[in-house]
Amino acid sequence: MSYSIEIDRKWQKKWEETKLYKFDPEKKGEKLYCLEMFSYPSGANLHLGHWYNYSLTDSWSRMKRMQGFNVFHPMGFDAFGLPAENYAIKTGIHPQDSTLKNIATMEKQLKEMGATFDWDYELATCMPDYYKWNQWLFLKLYENNLAYRKNAPVNWCPKCQTVLANEQVIDGKCERCDSEIIRKNMTQWFFAITKYAQELLDCLPQLDWPEKTKKIQTNWIGRSEGSEVSFFCEKDGEQLKDENGDPLKLTVFTTRADTFMGVTYVVVAPESEICAKLTTDAQREEVEKYREFTSKASDIDRMSTTREKTGVFTGAYAIHPLNGRKVPIWASDYVIAGYGTGVVMAVPAHDERDFEFATKFGLDIIRVVESKEGAADELPYCEKKGVLVNSDEFNGLEMHKGLDAIVSKLATMDMGVKKVNYRLRDWLISRQRYWGTPIPMIHCPECGVVPVPEKDLPVLLPYDVEFTPDGESPLAKCESFINCKCPKCGKDAKRDPDTMDTFVDSSWYELRYPDNKNSEKIFDSEWINKIAPVDKYVGGPEHAAMHLLYSRFIAKAMRDMGLVKFDEPFKSLVHQGIILGPDGNRMSKSRGNTVAPDEYVNKYGSDVFRTYLAFGFSYTEGGPWDDKGLQAIVKFVNRVERLVDDTMTITDKYDPASLTKADKDLNYVLNYTIKSVTADSERFSFNTSIARMMELINALTKYQQSGEVNKGFLRHVVETLLLLFAPFAPHFTEEQWEKMGNEYSIFNQAWPTFDESALVKDEIEIAVQINGRVSFKVDIPSNAEQADVEAIVKSDARFDEALAGRNIVKFIYVKGRLANIVAK
RNA sequence: GCUCGUGUGGCGGAAUAGGCAGACGCAACGGACUUAAAAUCCGUCGGAGUAAAAUCCGUACCGGUUCAAGUCCGGUCACGAGCACCA
């Protein structure tokens, strides 16, 4: 029976019956936790991206298994989330019903892929036995002051009447109805990821992750070294006081304290509390109007850098602490309330934004830095080098020295200090949506916010809920859910109506898999410290800043809560590339350029399809889909099968001691193949792994054609080829292995090792270059030293001809590669 | 706008540490086998040049370092990604 999907089915059945991929924690061998990012159970069948990610990572883990590792390789579903809810709004099919059905379909398809997942460790985030621990985690974070509530702006779609997650906002528009998103203040739950900003940065270098991903995280965290400097303020001719009656300090964050003497005004974010406090009665109406105007501005407007600056004078003044200058305080939305102190000192001579603003509103511009003394640089001069001018006692100081001097001076007055700021914000996790984990908090009119007691977990997500969006959380309208008793005082209270961001679900799932049935604890810490962290994590690059950062944060928080002993959840990370449609665009139903794996799998079998995915693309690059190369794999698989048919009846023993010259040549290729496939597959270079196996088969064909065949050796080579090919074509090779009369299963065999001595050749061919150009080639003993090579080359007739009477200036021999003669 | 990444034949892609560019395959062309086709096997396959060689050009473009550059450095262009008034 030649290879087809029938073979797939035969072995899938046998593997399941014999529990071949059952994970046994006690099995000997170093543990290896290999994980692919779990998938969202969407309606359609597995798409090409799933196959590309899962089947090839499975190949990798199969190799590791054969290499003797005790591989833990689970699979599950990221089952909460908006698509199911939106689908429900459209069709009326309940998210739970569609999700559970989709999970069943995907499980079946994943099994057809022939992956080594142990389904006993499956999890789905929408199940109460999972989200119970989501809620438990929330309570722990709350206890440890890592979860808190505050009023904050959210993305609001005026048409859908609902809050949208950041990831649903595409270029400032709603992903569903394309309306422009506006900002709205709501009281929300946050996780204090910023407490870990520095550690999240510090641990990056030690991770075996793509450099690009580390850079994205570095940028996202956005560490910025600067200073906080303060001003006293004056309003209507009187000094402003704080709540203690002391003079009010208006503090700004700046990275350019060196330009401090050039401050000509100060700007506050219009929505900030300090803005209201600073505003004079005379200006109040205007400032109010402006605040309203900016709150209505859509994100599109806000995001535009070309947008003209707007702003309004608050009526108050700041007093420059070093020169006593009275500078006006303005409100403008080019200052972000959430970053730094929400207040900025403006130095229009040395900042483009300040310059634009000052020019528009006729504010003073004072130059305080010159590239070198006396240079009339064009303003704004924003280069971070130069010498201070117009800066009184600091004149003539080089920029960095000036900065230190100014901050030191301010520090003596208690008006300045060096400070590090991060761009990273705390993680807003509240969602006014139905299909997610209910937040386990109760709002009591008497006691305030009260956590649900642990014994009452899980707070079950009710089934019968009206979830058509109308601006209110769907759960708020579900009487049976929202009404409860306060756990503290027993009086009537209400549950928190929001659900958690689904990124919370996926921020710790890798730690639940190994202990997925634990009903007492989130997981057994002792066991988790053995099996975790994940050794190899594979998934799309789109999660670089969100999921991968959140997971790192949660792991660190868990560590500090004593739940785990490691610092990082994913030691090594690989991003698979993206397979585009045949037209080079991202596959999408609306474009009509999607490619269905099923058709190929049905026609060619899972293994041909898997192997083609391995061979046709550079794994981390991906690229446009093109099925022309599939035939190459069919051909390759047929060649392997023919070789098996030729050798399956051979009973001669392989005797390594009796190899002829021809045998040794083939043995060289064999060992080179073992070495290359092992090294290439290790680093996810699957295309070159397959290429090396094709070379081996080409060499085998030549060997067979040569007529002098050592049967025992030939059989040994074919068996080794099967072992190397097994991770890529598991069903096919299992079948061939059986045909050859070998014991079940090929995956219980040891991965081939190569013999270094077989890779040593007596004689090698090197290129001889004259002045860097290849002139001719020559055979030399592989252990020849420079002097020997020089002698061989000089005695070659072609050398004199190539030299053409020139003198040898220098003779360079690069061992085993080439000789280069510099001639003049 | 800022930051990062990527540019190699007709195509997918190789080249791990500066050392023979184009492995392996697809497509194409030629041949063997065949009544024929399929399948299989053998060969050619970056460009110019030649009867064939020799030779020259060639890894987006310009320049540099080096005995030697796809690889390192400086600049330009194109594409892609991330961030987006972050003070």
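In what follows, chains carry the letters A, B, and so on, assigned in the order in which the sequence lines appear, proteins first and then strands, with residues in each chain numbered from 1. Predicted, not measured: the structure shown is a model, and the values here were computed from it.
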Remember a base hit wins even if backbone is also touched, and classify [X] as base, sugar-phosphate or nothing at under 4.0 Å, heavy atoms.
X	answer
R642(A)	sugar-phosphate
F615(A)	base
N698(A)	sugar-phosphate
R639(A)	sugar-phosphate
G616(A)	sugar-phosphate
N820(A)	base
K212(A)	base
G622(A)	sugar-phosphate
E765(A)	base
K635(A)	sugar-phosphate

Checking one value: the base orientation of rG64(B), syn if chi is within 90 degrees of 0, otherwise anti.
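Anti, which is what one calls it when the glycosidic angle falls more than 90° from 0.
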Selection from [options] that lies nearest to any side-chain heavy atom of [X]:
X	options	value
R683(A)	rA15(B), rA23(B), rG80(B)	rA15(B)
I812(A)	rC42(B), rC24(B), rG19(B)	rG19(B)
K628(A)	rC4(B), rC26(B), rA14(B)	rC26(B)
S618(A)	rC26(B), rG13(B), rA87(B)	rG13(B)
D680(A)	rG25(B), rA87(B), rU16(B)	rU16(B)
R692(A)	rC24(B), rA87(B), rC83(B)	rC24(B)
N219(A)	rC20(B), rU3(B), rG5(B)	rU3(B)

Face-on cation placement of K309(A) at Y334(A) ring, 6.0 Å and 45° thresholds:
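Yes, K309(A) and Y334(A) form such a contact.
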For the residue pair R423(A) and W220(A), would you count it as a cation-pi contact if the rule is NZ or CZ under 6.0 angstrom from the ring centre and within 45 degrees of the ring axis?
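The answer is yes, since R423(A) meets both limits relative to W220(A).
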Taking atom types as modelled and ignoring hydrogens, do the side chains of [X] and [Y] form a donor-acceptor contact shorter than 3.5 angstrom?
X	Y	answer
T341(A)	T251(A)	no
Y703(A)	N698(A)	no
Y422(A)	Q198(A)	yes
D627(A)	Y600(A)	yes

Heavy-atom nearest nucleotide on RNA chain B taken for E695(A) and for Y619(A); more 5' hit belongs to Y619(A)
Using heavy-atom distances to pick each residue's nearest nucleotide on RNA chain B, tell me which of I216(A) and T254(A) is more 5'.
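Checking each residue's closest nucleotide, the 5'-ward one belongs to I216(A).
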Looking at K418(A) and D404(A), does any basic side-chain N land under 4.0 Å from a carboxylate oxygen?
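Salt bridge: yes.
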Between rG82(B) and R423(A), is there an OP1 or OP2 to side-chain N/O distance shorter than 4.0 Å?
no
Atom-to-atom span, CG of D626(A) to P of rG13(B) - whole angstrom
10 Å
What stems show up for RNA chain B when you take Watson-Crick pairs (N1-N3 plus N6-O4 or O6-N4) and G-U wobbles (N1-O2, O6-N3), both under 3.5 Å, and require three or more consecutive pairs?
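Stem list for RNA chain B: B:1-7 with B:77-83, B:10-12 with B:24-26, B:28-32 with B:40-44, B:46-48 with B:55-57, B:60-64 with B:72-76.
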Would you give the length of the straight line joining atom CD of E801(A) to atom CZ of F776(A), rounded to the nearest 0.5 angstrom?
9.5 Å
